[in-house]
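Written below as structure tokens is the structure these notes are about.
Fair warning: this is a prediction, and the values are worked out from it, not measured in the lab.
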There are 2 protein chains.
Amino acid sequence: MARTVDPERYAARRLAIIDAALTVFAERGYDGATTAAICRQAGIGSGTFFHYFPTKRDVLLAILRLGIEDVRERAARYAGRTDPLGVLLDIVAEHAQDAADPRMPGFVRAVGGIMTQPDVAELLREDTEVQHALLRPWVEQGQRAGAVRTDLPASRIVSWLYLLTDGFLGQAASDDGFVPADEAEVLVDTARRFLAPWSGIAP
Amino acid sequence: MARTVDPERYAARRLAIIDAALTVFAERGYDGATTAAICRQAGIGSGTFFHYFPTKRDVLLAILRLGIEDVRERAARYAGRTDPLGVLLDIVAEHAQDAADPRMPGFVRAVGGIMTQPDVAELLREDTEVQHALLRPWVEQGQRAGAVRTDLPASRIVSWLYLLTDGFLGQAASDDGFVPADEAEVLVDTARRFLAPWSGIAP
DNA sequence: CAATTATTAGAGCAGCCACTCCAACAATGC
DNA sequence: GCATTGTTGGAGTGGCTGCTCTAATAATTG
């Protein structure tokens, strides 16, 4: 018999489909991305597509899950650090790098277009949860060390950091003159200004 | 004969359809919003719908055009002012108020989901153009007066202000704990911090 | 090599949805 | 009242798309 022919080949094909779908989603939005177009991009037939994923939406969910996994792995890399402000700024900078993938903004928009669907919303909730879990301890540590403003609770500060990186993605998506690589520096500086303990009124 | 029965009634009906469509777009996204659902929301038949708009997308475009018009009118209100920084912060605050309409974030996402369509992209370009035209003179004036940082060119500063307000909308859309009315103050303060001439390193 | 099962392709189908079409109605002018 | 034209509703349709089904092929085991 032949149980699983080649697990690596299987996984690779699966990833290839995911990659193709990511491209098409980013280009045309979720509904605009027909399964036929995804198959064409991946160089496969529709039969193959539905052999790997039961549903078109499942591909999108798989992409989201990969992203969540990525954040989880990321969190581990900051474990030993002792400079909370530095960690926060590094995380923000990392987000800026993510925005460099030209498909990223388009994909984010595509997801936004269907985030009313319960299963998508569920995964997005999990994503923000993970992001908050990553950021929050460092914010709190920074507040205790006096390196981060304390006029806002940690959870709201996290929301605002998220707002900055999210807005950064969005701007990269819609503004052609906005080059992520060039603006990354400004993003970090803006985050620094936002986190600073002193008020914005005067230095 | 009967040329135009009642122009006001016509305009009102048209606006009613636009309003209903805005609601459904915000709730379900563009593709998720079926014309049937919009008609139900508006309390009309599909015949009426297509009597007022040739296409579903035309309703969305009409909504965008109303928004652009709104920004244009807004610009006039700031004409006589002499405090550039104050004007910029007022404009930012006004954006925060816009985000209070619970349909706004959803609609923005819906538009984002199909902004790859040429005609939609065209109108969005016009929208950003108008927004830039509104902000930029005040940024430049502020720079000359020493009230706004000069380490970035005016156009990039405008992009970043746009990023802040856009991110604000997005956060209001995705984060349930993010109450626009409560966060408006922080938005203005963050804009102030961002615009400040001194560096973010130390006060 | 034979047997079994995973994998692949693509033709076809069922359902949905934007939009059309027509018939009835309302409002105006004569 | 009659004619004309703007307005409204809803049944119907054509096209598209996600997905199924079948049959052929490749890979693996004994």
Side-chain angles (χ1 to χ4, degrees), chain A residues 1-22 24-25 27-63 110-111 113-114 116-120, chain B residues 1-22 24-25 27-63 110-111 113-114 116-120:
Chain A
M1 345 157 180
R3 275 289 153 87
T4 28
V5 181
D6 189 344
E8 287 185 25
R9 184 187 169 84
Y10 184 90
R13 258 257 204 253
R14 201 184 128 94
L15 270 181
I17 294 176
I18 284 183
D19 191 72
L22 178 61
V24 183
F25 283 149
E27 269 173 10
R28 313 200 200 177
Y30 178 76
D31 290 275
T34 63
T35 54
I38 297 174
C39 290
R40 213 176 310 124
Q41 172 77 22
I44 59 174
S46 70
T48 309
F49 180 91
F50 286 101
H51 177 70
Y52 283 86
F53 296 94
T55 287
K56 179 173 123 178
R57 187 181 307 152
D58 277 291
V59 188
L60 188 126
L61 297 180
I63 298 177
V111 173
I114 57 157
T116 45
Q117 312 281 345
D119 42 7
V120 178
Chain B
M1 336 157 185
R3 275 288 150 91
T4 30
V5 180
D6 189 343
E8 288 185 28
R9 184 188 170 84
Y10 185 88
R13 258 262 207 252
R14 201 184 127 93
L15 271 182
I17 294 175
I18 284 184
D19 191 73
L22 178 61
V24 183
F25 283 149
E27 269 173 10
R28 314 199 199 176
Y30 178 77
D31 290 275
T34 64
T35 53
I38 297 175
C39 291
R40 214 176 309 127
Q41 173 78 24
I44 60 174
S46 70
T48 308
F49 179 91
F50 287 101
H51 177 70
Y52 284 86
F53 296 95
T55 288
K56 179 173 122 179
R57 187 180 307 151
D58 278 291
V59 188
L60 188 127
L61 296 180
I63 298 177
V111 173
I114 59 157
T116 46
Q117 311 281 346
D119 43 6
V120 178

Once you apply a heavy-atom cut-off of 4.0 Å, does B:Tyr10 come out as touching a base, just sugar-phosphate, or nothing?
sugar-phosphate
Does the side chain of B:His51 get closer than 4.0 angstrom to OP1 or OP2 of D:dT7 through an N or O atom?
yes
Enter the distance from A:Leu15:CG to A:Ile63:CD1 here, rounded to the nearest 0.5 Å.
10.5 Å
Round to a whole Å and report the spacing from CZ of A:Phe53 to P of C:dT8.
12 Å
Look up atom CG in B:Leu60 and atom CD1 in B:Ile18, then write down how far apart they are to the nearest 0.5 Å.
10.0 Å
Are OP1 or OP2 of C:dT7 and a side-chain N or O of A:Tyr52 less than 4.0 angstrom apart?
no
A:Ile44 CD1 to C:dA6 P, in whole Å, measures 19 Å
Quick one: B:Ile17 CD1 to D:dT7 P, roughly how many Å, whole number?
12 Å
Between P of C:dA11 and CZ of A:Phe50, the distance in whole Å:
16 Å
Provide a list of protein-nucleic acid N or O atom pairs under 3.5 angstrom, restricted to nucleotides 12-14 of chain D.
none

Would you be so kind as to tabulate the donor-acceptor pairs closer than 3.5 Å made by side chains of residues 37-55 of chain B, with sequence neighbours excluded?
none

Within residues 30-38 of chain A, residues whose heavy atoms come under 4.0 Å of DNA chain C
none
Does a side-chain N or O of B:Thr48 approach OP1 or OP2 of D:dT7 to a distance below 4.0 Å, or not?
no
Given atom CZ of A:Phe49 and atom P of D:dT20, what is their separation to the nearest angstrom?
11 Å
Between A:Arg13 (CZ) and C:dT7 (C1'), how many Å, whole number?
9 Å
To the nearest 0.5 Å, what is the distance between CG on A:Asp119 and CD1 on A:Ile114?
8.0 Å
Return no unless some side-chain N or O of A:Arg9 is found under 4.0 Å from OP1 or OP2 of D:dA27.
no
In short, B:Ala33 meets B:Lys56 closest at the heavy-atom pair O-NZ, 2.8 Å
Out of C:dT7, C:dC19, D:dC19, minimum distance to the side chain of B:Thr55 belongs to C:dC19
Phosphate OP1/OP2 of C:dA18: any B:Arg57 side-chain N/O under 4.0 Å
no
Spacing of B:Lys56 atom NZ relative to C:dA18 atom P, expressed in whole Å:
4 Å
